[in-house]
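Data first, discussion second: the structure below is written as C-alpha cells.
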Amino acid sequence: MIAFVSGPVAALAPDSAVVEVGGIGIAVQCSPNTLSGLRMGQQTKLATSLVVREDSLTLYGFVDDDERQVFELLQTASGVGPRLAQAMLAVHSPDALRRAVATGDEKALVAVPGIGKKGAQKLLLELKDRLGAPVGAPAVGAPVSQGWRDQLHAALIGLGYATREADEAVTAVTPQAEAAGGTPQVGQLLKAALQTLNRAR
C-alpha cells in the first residue's frame with residue numbers, strides 16, 4: 001500500500017499529475033479539485049490509494065487523508081469503482097457527500113456524471129451507515145471566496161492554457177462562483193471553465 005507520494009510536480013494533465021519521487025516519476029490520477037492546488041515544479045504531498053486490477057496498477061491522489069478515506073468507502077457500495085468514486089469527489093467535497101447521504105439528497109448524487117435516479121437511491125441506502133456525519137461546517141469569509149480565482153487561474157495555466165484564455169475562463173465562471181456563496185468548489189469551477197474554453201476553440 002502506497003499511503004502518500006511527496007516530491008516536486010513534474011507534469012500536469014487534465015486528470016492526472018506526475019510527482020517525482022526519488023528520481024522516479026509517479027503518475028497519479030487526481031480530481032480537478034486536487035489538480036487545482038498543484039503547481040509545476042513545486043513540492044506537493046498527496047495522500048494516495050492504489051487500485052489493483054488484473055491488467056493494471058493505478059494510483060489515485062488526494063489533497064488529504066479524509067478525501068482518500070471517502071474515496072475508498074464509496075467503493076464499498078455495489079457498482080462503484082474508482083472512476084465513479086473519483087467523479088463523485090470531483091463534483092462534491094467529502095463533507096458535501098456526507099451531508100447528501102445523511103439527508104437523503106438524491107439530487108446531489110444525480111448531479112454526478114454516471115449516476116441516475118435509481119443508482120442514487122441505491123447509493124443512499126448502501127452508504128447511509130458508512131460515510132458518517134460531516135466533520136466540519138463550511139468555511140466562510142472573504143479570503144476563501146476570493147481564493148478560488150487564483151486557484152482556478154493557476155490550474156488553467158498549469159494545464160497549458162494561455163494567460164488570456166485563463167483570464168477569460170475565470171471571468172466566464174464568476175457568476176457561477178458568486179451564486180455558490182462563500183465557498184465555491186474550485187473543482188466544479190474548473191470543469192465549467194474547461195467547458196467554456198472548449199466551446200471557444
Side-chain angles (χ1 to χ4, degrees), residues 1-5 14-17 28-38 44-51 58-141 144-145 147-148 151-152 155 173 176-195:
M1 175 66 185
I2 301 171
F4 67 87
V5 294
D15 61 354
S16 65
V28 188
Q29 297 290 312
C30 303
S31 70
N33 190 45
T34 301
L35 288 169
S36 70
L38 302 180
T44 188
K45 182 177 179 182
L46 296 174
T48 55
S49 178
L50 181 63
V51 176
T58 308
L59 201 60
Y60 290 83
F62 310 94
V63 290
D64 56 28
D65 290 334
D66 183 46
E67 193 171 69
R68 175 185 58 195
Q69 183 182 16
V70 170
F71 171 79
E72 292 174 347
L73 286 171
L74 290 172
Q75 292 177 74
T76 63
S78 57
V80 178
R83 292 274 182 198
L84 186 55
Q86 192 179 45
M88 293 169 78
L89 284 165
V91 175
H92 299 295
S93 68
D95 259 7
L97 282 171
R98 289 189 185 100
R99 273 193 293 276
V101 171
T103 59
D105 187 351
E106 193 179 294
K107 285 183 180 176
L109 295 187
V110 172
V112 178
I115 298 180
K117 188 177 172 67
K118 284 188 177 177
Q121 292 170 344
K122 190 176 169 190
L123 284 171
L124 287 172
L125 282 172
E126 288 196 38
L127 295 171
K128 194 163 185 64
D129 300 319
R130 298 182 195 178
L131 289 188
V135 289
V140 292
V144 176
S145 62
W148 69 266
Q151 286 185 2
L152 180 58
V173 300
Q176 180 182 333
E178 289 174 346
T183 53
Q185 285 192 25
V186 176
Q188 285 181 303
L189 294 176
L190 180 56
K191 287 170 78 173
L194 290 172
Q195 286 173 351

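All residue numbers in this chain count up from 1 along the given sequence.
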Exercise for the section: Please step through side-chain contact (heavy atoms from CB on, under 4.5 Å) for the pair Leu124 and Leu109, ending with a clear verdict. Expected result: CA-CA 9 Å; Leu124 287 172; Leu109 295 187; 3.7 Å; yes
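- Under the rule for a salt bridge (charged side-chain N to carboxylate O under 4.0 Å, His left out), Glu72 has no partner lying at least two apart in sequence or in another chain.
- In this structure Gln75 satisfies the side chain to side chain donor-acceptor pair (under 3.5 Å) test with no other residue, sequence neighbours excluded.
- Every residue two or more places apart in sequence or in another chain that forms a side chain to side chain contact (heavy atoms under 4.5 Å, CB included) with Thr44 is listed here: Val9, Val19, Leu38, Leu46.
- Taking all atoms of both residues into account, the shortest heavy-atom contact from Leu35 to Ala17 is CD2-CB, 4.0 Å.
- Contacts of Lys117 classified as side chain to side chain donor-acceptor pair (under 3.5 Å), with partners at least two apart in sequence or in another chain: Glu106.
- Residues His92 and Arg99 are not in side-chain contact: their nearest non-hydrogen atoms beyond the backbone lie 4.5 Å or more apart.
- With sequence neighbours excluded, the residues that form a salt bridge (charged side-chain N to carboxylate O under 4.0 Å, His left out) with Asp65 are Arg68.
- Side-chain N/O atoms of Glu67 and Ser93 include no donor and acceptor closer than 3.5 Å.
- Nearest approach of Pro94 to Asp66, heavy atoms of both residues: CB-OD2, 3.5 Å.
- Between the Ser31 side chain and the Gln86 main chain, no donor and acceptor come within less than 3.5 Å of each other.
- The closest donor-acceptor contact from the side chain of Thr34 to the backbone of Cys30 lies at 3.5 Å or more, if one exists at all.
- Applying the side chain to side chain contact (heavy atoms under 4.5 Å, CB included) criterion to Ala77, with sequence neighbours excluded, gives Val80, Leu123, Glu126, Leu127, Arg130.
- What you find for Val28 and Tyr60 is that their closest heavy atoms are CG1-C, 3.6 Å.
- Just one residue in the list Asn33, Val112, Leu97 forms a side chain to side chain contact (heavy atoms under 4.5 Å, CB included) with Leu89, and that residue is Leu97.
- Annotation: side chain of Gln69 is not in contact with side chain of Ser49 (no heavy-atom distance under 4.5 Å).
- Of all non-hydrogen atoms in Val91 and Pro113, the two that sit nearest each other are CG2-CD, 4.0 Å.
- Residues Leu190 and Gln195 form no side-chain contact, since every pair of their non-hydrogen atoms from C-beta on lies 4.5 Å or further apart.
- Counting only heavy atoms from C-beta outward, the side chains of Lys107 and Val110 never approach each other to under 4.5 Å.
- Comment: Asp64 does not engage Lys45 in a salt bridge, judged by the lack of any side-chain N to carboxylate O separation of less than 4.0 angstrom.
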Exercise for the section: Given side-chain contact (heavy atoms from CB on, under 4.5 Å), test Gln29 with Leu59 step by step and report yes or no. Expected result: CA-CA 6 Å; Gln29 297 290 312; Leu59 201 60; over 6 Å; no
